[in-house]
Amino acid sequence: MPLYSRTEAETVVTTVSAQLEKSIASPPQSSATAKRPHTLIITDSDSDNDQLVRNLKPDHSSAFTFSESLSDNTNVPPSKKQKDSHFESGVDDDFQTPMKAPILQPNLLECTSDTKIIPGLNLAGRKVHPMFANKTTGQKPSSDTVATSVVENSVDNLKTEKKAADSMKAGGAPDNNINDEESGNSIDSALKLIDSSDSVASWKKNDPVPYSALCKTFDEIEATTKRGISDKIFPHGFASLAKIVVTICPEYEGKELGIGDSILMKAVANATGRSISNIKSDCDKVGDLGTVAEVSKKKQMTFGVGKILTVDKVFATLKEISGISGSSSQAKKIERINSLLVNCKGSETKFLIRSLEGKLRIGLAEKTVLVAISHASIISNIECKAWSKEKLERELESGTAILKQVLEKKKLTFHPYSELPNYDIIIPALAEHGIKKLHEICKLTPGIPLKPMLAHPTKSLTEVLDRFENINFICEFKYDGERAQIHQLEDGTINIYSRNSENLSVKYPDIMQMLPDVIAPGVTSFVLDCEAVAWDIKKKCILPFQVLSTRKRKDVAVEDIQVAVCVYVFDILYLNGKSLITETLRSRKESLKKSFFEQEGKFTFAKALEASSVDEIQTFLDESVAGNCEGLMVKTMDDGSTYEPSIRSKNWLKVKKDYLTGIGDTLDLVVIGGYFGKGKRTGWYGGFLLACYDDDSETYQSICKVATGLTEENLKQFYELFEPYKIDVPPSYYQFSDVPNIRPDVWFKPVQVWEVKAADLSISPVHHAGKGLCDPSKGISLRFPRFIRVREDKGPEQATNAEQVATMYRAQNLNSASGNVLEDDF
DNA sequence: ATCACATGGCC
DNA sequence: GTTTTGT
DNA sequence: ACAAAACGGCCATGTGAT
């Protein structure tokens, strides 16, 4: 799809149409043979296209080149004042104040394409690998325009860049036709391309970055399925990358926006003069509110020329929205959104809405941006830029070459970021010290939550043994609670963080209070990795997750805590001023046992066993399940057992009984309704409502929705399959809660039975399965339901019946009550 | 006051 | 949380 | 192997409506 090869106005129209085509005619890269359920007729009104042309027309009179930007940067030292704003306020303060990540301070956001703000780090976007850019001093250095978002994007150029990256990866010398200026080289052709197309978003050097530039890059990224960094956001340069990060995470200083689909729809309706119900139904068809907004806006007649939105303006408004609360806050928020929407043009509308939704849906998210930051940083690093071709080649050859390391292992940025996930620190540190020293500056710091290590699901015990063949490993109970990362700073401050780096200190005052009692003398600072689990004080046993989740989250006073917790600690990452994450797990466990005492029902070491045989593990697994746990965690003890938060994000294994094929709760359920899919699933049902059969009342009782476990093939197939069985109104023998979240978009006759697997059964506030059998008024639902297969052999009335569901629920709970095996002999 | 709904955050 | 998909 | 994007149940909390 040759985007941006025409005039700007055409391009925008093409882009929109292309997206609609994509979403209607052939969504998720499918073979598009399935008949699409919906059609949408778009009548393009081009009323505001001329504005777009005016706003986005590039400034050809002052073509910008690489060499210029780089030489500009090379010798500009940071002024004292700028340094202050970045480091003294932005870094030092932050180090002292415990914080949640990621946070971006305004001072960072104010880094525009102006190279003086982050000296040495601005990259102009060009298709040629900037590493070789300093060879091109033949280009004219006379412009005041900095094009940071270059959206020209021929297949050739993508290839060229990929090639450059590849040759670097291989450690070989750069391909000649990539960087040389004499042959029909790509800088020339890139510039020619730019010159000959109207597709460069450019702006004056000291002007703020237009939002359109960012959005056009998003368009580019969305148009490709590739994840390659170079191909995607390389052209953006360092400063702009920081902004992408912001725009991707619509959250400011840990404050949420408080904006969801519902308010957004109101805002869109409001801004486009359409009714909410129309917006809603379009959304069902198109599967993306952003696209609906964009199309709606195009259809709308507009008068006058809107303001040009800047990235800074958009972010400032997001920040403003996050601060609005209280009475009539929703109206105020809508008003703020509208103030942006009226000025949005083309895909800006779409991406603004998606940003507010919290999903960009461009196939690129934070991790990839992080890699891009590494790249952008390394190639714009001063020392790198000054390298001669020979030096560059030597660096690439050498085993210790920074470039090579980054490109191959991406470790240099990933690790520091995982240890200290805070862009306000990482980015200025990169700017100041370069990537090589980043790990020295950005280290695990108590008071700043690090990314927790996660576990990979395992399908069988033999798989565990296969993966850890000839390696010492340890099995631990997998407790069903909430991840808790407990920090103590040198000054005695204690903080507790969740798996997603939220501050839980307020939620667990009881833990804060108890903690000093379990710390061994001489321990001054630490970071613990734990699971907080609901604890029955009388029976001295673990309670289910559902109980834990009823705890208050705010204004918690120790006196009125209803649900006690026991902390199960399984790792220590920092002790007495020293990071332990590079130590082996064995050594960390030793430190842990030396530095903390157990206290029954309050603070306990996770039950662990250094097993070796399948039998031993199997027994231990059974014991864990009997003890109200989810299963086992399996971790290497010596080899490669360092705590590696992001690079190997899933270095541990988890074994749950429901993963094991043939084990776990499996139900045969009737499909009674469907929900329109969004995004990747546009045009099909993205989820289904399932029911069990109640013999007594001869009714189908809703039990859960299911959406995972379905392949694209399934989705396509089921869309067609249910077509003839659609009904307008649910029959009287369907029992369900008629609440917005449950009522399906389409009802079906009971014709098909699906096998569904679940981790647990739960008492449900909304579902009706076995209503009255296990709870006087509530029904039963499933935890983590997933589709396994169609039961062609079963008719709807042979589905799992209500009584069976109730029996399964009772069995599950009986099991845990009897199996009170939690005497800790760790 | 009380309820319904939306949202975010756990799993 | 689970799962599928593309790279 | 990894990253991304679909989607699940259930809870507390905040806001708007009754």
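Everything numeric here is computed off the predicted structure, so don't read it as measured data. The figures that follow rest on heavy atoms only: side chains count, while hydrogens, waters and symmetry mates do not. Letters A, B, ... mirror the listed sequences (proteins, then strands); counts begin at 1.
The NZ atom of Lys656(A) sits 7 Å away from the C1' atom of dG1(C) (whole-angstrom rounding). Regarding Asp480(A), its CG atom lies at a distance of 13 Å from the C1' atom of dC10(D), rounded to whole Å.
Using a 4.5 Å heavy-atom cutoff, the side chains of Phe688(A) and Phe722(A) are in contact.
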Strictly under 3.5 Å: I want the nitrogen or oxygen pairs between protein and nucleotides 3-5 of chain B, one per line.
none

Intermediate values then yes/no, side chain to side chain contact (heavy atoms under 4.5 Å, CB included), Asp261(A) and Lys678(A): CA-CA 12 Å; Asp261(A) 270 353; Lys678(A) 299 194 173 183; 3.2 Å; yes
Residue pair Arg783(A), Leu761(A): steps toward the side chain to side chain contact (heavy atoms under 4.5 Å, CB included) verdict: CA-CA 6 Å; Arg783(A) 191 184 190 195; Leu761(A) 288 86; over 6 Å; no
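Candidate nucleotides dC10(B), dA6(D), dA3(D) were compared by shortest atom distance to the side chain of Phe414(A), and dA3(D) ranks first. Distances from the side chain of Tyr659(A) to the nucleotides dT2(C), dC10(D), dA6(D) place dT2(C) closest. Closest to the Ile263(A) side chain, of the nucleotides dT7(B), dG8(D), dC10(B), is dT7(B). In the set dG9(B), dA3(D), dG1(C), the nucleotide with an atom closest to the side chain of Arg499(A) is dG1(C). Minimum atom distance to the side chain of Arg483(A) is reached by dC11(B), of the listed dC11(B), dT5(C), dA3(D). Taking the side chain of Arg467(A) as heavy atoms from C-beta on, and the options dA5(D), dA1(D), dC10(D), the nearest nucleotide is dA1(D).
Contacts between residues 781-788 of chain A and DNA chain C, defined by a heavy-atom separation under 4.0 Å, are made by Phe784(A), Arg786(A).
With sequence neighbours excluded, the residues that form a side-chain contact (heavy atoms from CB on, under 4.5 Å) with Thr711(A) are Glu713(A), Asn714(A). Residues passing the side-chain contact (heavy atoms from CB on, under 4.5 Å) test with Leu715(A), sequence neighbours excluded: Arg681(A), Trp684(A), Leu710(A). Listed by chain and residue number, nothing satisfies the salt bridge (Lys or Arg N to Asp or Glu O under 4.0 Å) test with Glu531(A) (two or more places apart in sequence, or in another chain).
The environment of Asp466(A) atom CG is dense: over 12 non-hydrogen atoms of other residues, nucleotides or ligands sit within 6.0 angstrom.
Across dA6(B) and dT3(C), the matching C1' atoms stand 27 Å from one another, rounded to whole Å.
Contacts of Lys654(A) with the nucleic acid, taken as non-hydrogen atoms under 4.0 Å apart, involve only primed sugar atoms and P, OP1 or OP2.
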Per-nucleotide protein contact string for nucleotides 11-18 of chain D (B base, S sugar-phosphate only, - none; heavy atom under 4.0 Å): BBSSSS--
